[in-house]
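I have a structure I would like to understand better, so I am pasting it below and will then ask my questions one at a time.
By convention in this document, chain letters (A, B, ...) are assigned in the order of the sequence lines, proteins followed by strands, and residues within each chain are numbered from 1.
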There are 2 protein chains.
Amino acid sequence: MTAPPGRRERKKAATRRKIADTALRLFLDRGYDAVGIRDVAAEADVAVTTVFSHFASKEALVFEQDEDFEQRLVQAVTGRAPHEPLIPALCREIQALVRHCAADSAAPVWRMVDETPALRKYEESMMLRHAESLATAIADDPGLPQTTTACRTIARFAVDAYSLAREAADPEAAVDEIFRMIEAAWEAARPARDT
Amino acid sequence: MTAPPGRRERKKAATRRKIADTALRLFLDRGYDAVGIRDVAAEADVAVTTVFSHFASKEALVFEQDEDFEQRLVQAVTGRAPHEPLIPALCREIQALVRHCAADSAAPVWRMVDETPALRKYEESMMLRHAESLATAIADDPGLPQTTTACRTIARFAVDAYSLAREAADPEAAVDEIFRMIEAAWEAARPARDT
DNA sequence: ACCATAACACTAACCGTTAGTTTTAAAAAA
DNA sequence: TTTTTTAAAACTAACGGTTAGTGTTATGGT
């Protein structure tokens, strides 16, 4: 299935990457709002319609690999060791993601995102989508007999932790602090059984 | 200050209301996406630029009185009885807001919002703005010696409760369930003092 | 009566996005 | 190979939200 990708798919992937790379370079160079889609298309030597056949919107050019993010969140839940409690596993993953954004070589990108309202809005609804996937993953865990509402709530709280921590002075400490609260919320959601 | 508003301000308010009313009527009649700003302007008998001098965007026409929402959240914190605990007061207000959306005569509006992606996105970032105001109000309460991070977290959780409850089968029960979790989170955020 | 200004109108455009159509090139069938 | 099919990408043109620039009118203060 992943053996010989075929020339067509290779060219398509190359076009996609060329567009994304060109766009990011121009955005960082001249500022997101100062660069139009037509500029990106011209610089990447493709048609405007080609840009939109690879990316759903201008903002999507910046968040090229957002599916990674979602995957990692879900995997932190579904792929954790047996009997490992949910919340610490989630906390570790959020910590890793926050570090990834704060310290990465991609720091200028995140500064641009923070400074551009359109990008902030886009990221917000992206995170809500991710929260939905995370909620489903939590709800599907057979070892967690919680309400759907409780699962969706915890998922929201987790992505809240991410975005709040990114704005905090000490992001990693903020994640810890918020997750102490999430842990308590998760306990309180238990169907009033043990301890 | 509110005595004789003057003819000018009255006319301005009238124009604003006429635009908003016309827009909402057209939206509910023909569907949000099927009505253009130029349609609204023509039907309200104003220029397109006048619409945008009263409302920042097409979506803002639908959420005309969103400042009410923010005010009520903040007031639930700042205007509560002395020594009344924070969380129950917040819970009551969120309950009221959820009821207001679910049972109000404005139910068709909320159905339209739920069905229109652009409006949902707009509401999302609106709620985040409200969460910021709420966080400030909580942080400014002298009786609550919590971290800024904890205050912002609780504010987020509260608006999460609102949007999650609105999507739940039994909204009022959902608010109660989520606020049990929020209460626990708030307790856990205490600087490790009493009890 | 006069002037400053706020509200609004009008034109024209910018920019993200999409539809419709056509060319090009890769994959599959003959 | 040759032919046929299919998918990528080009091109043209437009739509719809939004804004800039420029007047025009009516209101409020002097």
>> Using the ring-ring contact (aromatic ring centres under 6.0 Å, His included) criterion, which residues pair with B:Phe63? Sequence neighbours excluded.
In response: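 With sequence neighbours excluded, B:Phe63 shows a ring-ring contact (aromatic ring centres under 6.0 Å, His included) to B:Tyr122, given in chain and number order.
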>> Just to be sure I understand the geometry, which residues of residues 31-55 of chain B put a non-hydrogen atom under 4.0 Å away from DNA chain D?
In response: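 By residue number: B:Val35, B:Gly36, B:Ile37, B:Arg38, B:Val48, B:Thr49, B:Phe52.
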> OP1, OP2 of D:dT27 versus side-chain N and O of B:Lys11: anything below 4.0 Å?
Replying inline: yes
> Between which nucleotides of DNA chain C, read 5' to 3', does contact with chain A run, using atoms under 4.0 Å from its heavy atoms?
Replying inline: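 In short, chain A contacts DNA chain C from C:dC15 to C:dA27.
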> With a 4.5 Å heavy-atom cut-off, do B:Val35 and B:Val40 have their side chains touching?
Replying inline: yes
> D:dA10 C1' sits how many Å from A:Lys12 NZ, rounded?
Replying inline: 15 Å
>> Output the rounded distance in Å from NZ (A:Lys18) to P (D:dA8).
In response: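 Roughly 18 Å, once rounded to whole Å.
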>> Tell me which pairs pass side chain to side chain donor-acceptor pair (under 3.5 Å) where either residue lies in residues 46-56 of chain A, with sequence neighbours left out.
In response: none
>> The criterion is salt bridge (charged side-chain N to carboxylate O under 4.0 Å, His left out); which residues satisfy it with B:Glu64, sequence neighbours excluded?
In response: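 Expected list: B:Arg16.
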> Is there a side-chain contact between B:Leu97 and B:Leu73, using heavy atoms and a 4.5 Å cut-off?
Replying inline: yes
> To the nearest Å, how far apart are B:Arg7 CZ and D:dG29 P?
Replying inline: 12 Å
> Given the rule in the salt bridge (Lys or Arg N to Asp or Glu O under 4.0 Å) test, do B:Arg152 and B:Glu132 qualify, once you have shown the distances and angles that lead to the verdict?
Replying inline: CA-CA 7 Å; B:Arg152 299 188 53 181; B:Glu132 277 306 302; 3.0 Å; yes
> How is A:Arg8 classified with respect to the nucleic acid when contacts are heavy atoms under 4.0 Å: base, sugar-phosphate, or nothing?
Replying inline: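 The answer is base, as A:Arg8 lies within the cut-off (heavy atoms under 4.0 Å) of a base atom.
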>> Without decimals, in angstroms, what is the distance between B:Ile19 CD1 and D:dG17 C1'?
In response: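 Interatomic distance, CD1 of B:Ile19 to C1' of D:dG17: 15 Å.
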> Among pairs that include at least one residue of residues 143-178 of chain A, which meet ring pair (Phe, Tyr, Trp, His ring centres under 6.0 Å), considering only residues two or more places apart or in two chains?
Replying inline: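 The answer is A:Phe69-A:Tyr162, A:Phe157-B:Phe157.
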> So do the side chains of B:Arg10 and B:Arg7 get within less than 4.5 Å of each other, counting heavy atoms only?
Replying inline: yes
> To the nearest angstrom, how far is A:Lys121 atom NZ from D:dG17 atom C1'?
Replying inline: 12 Å
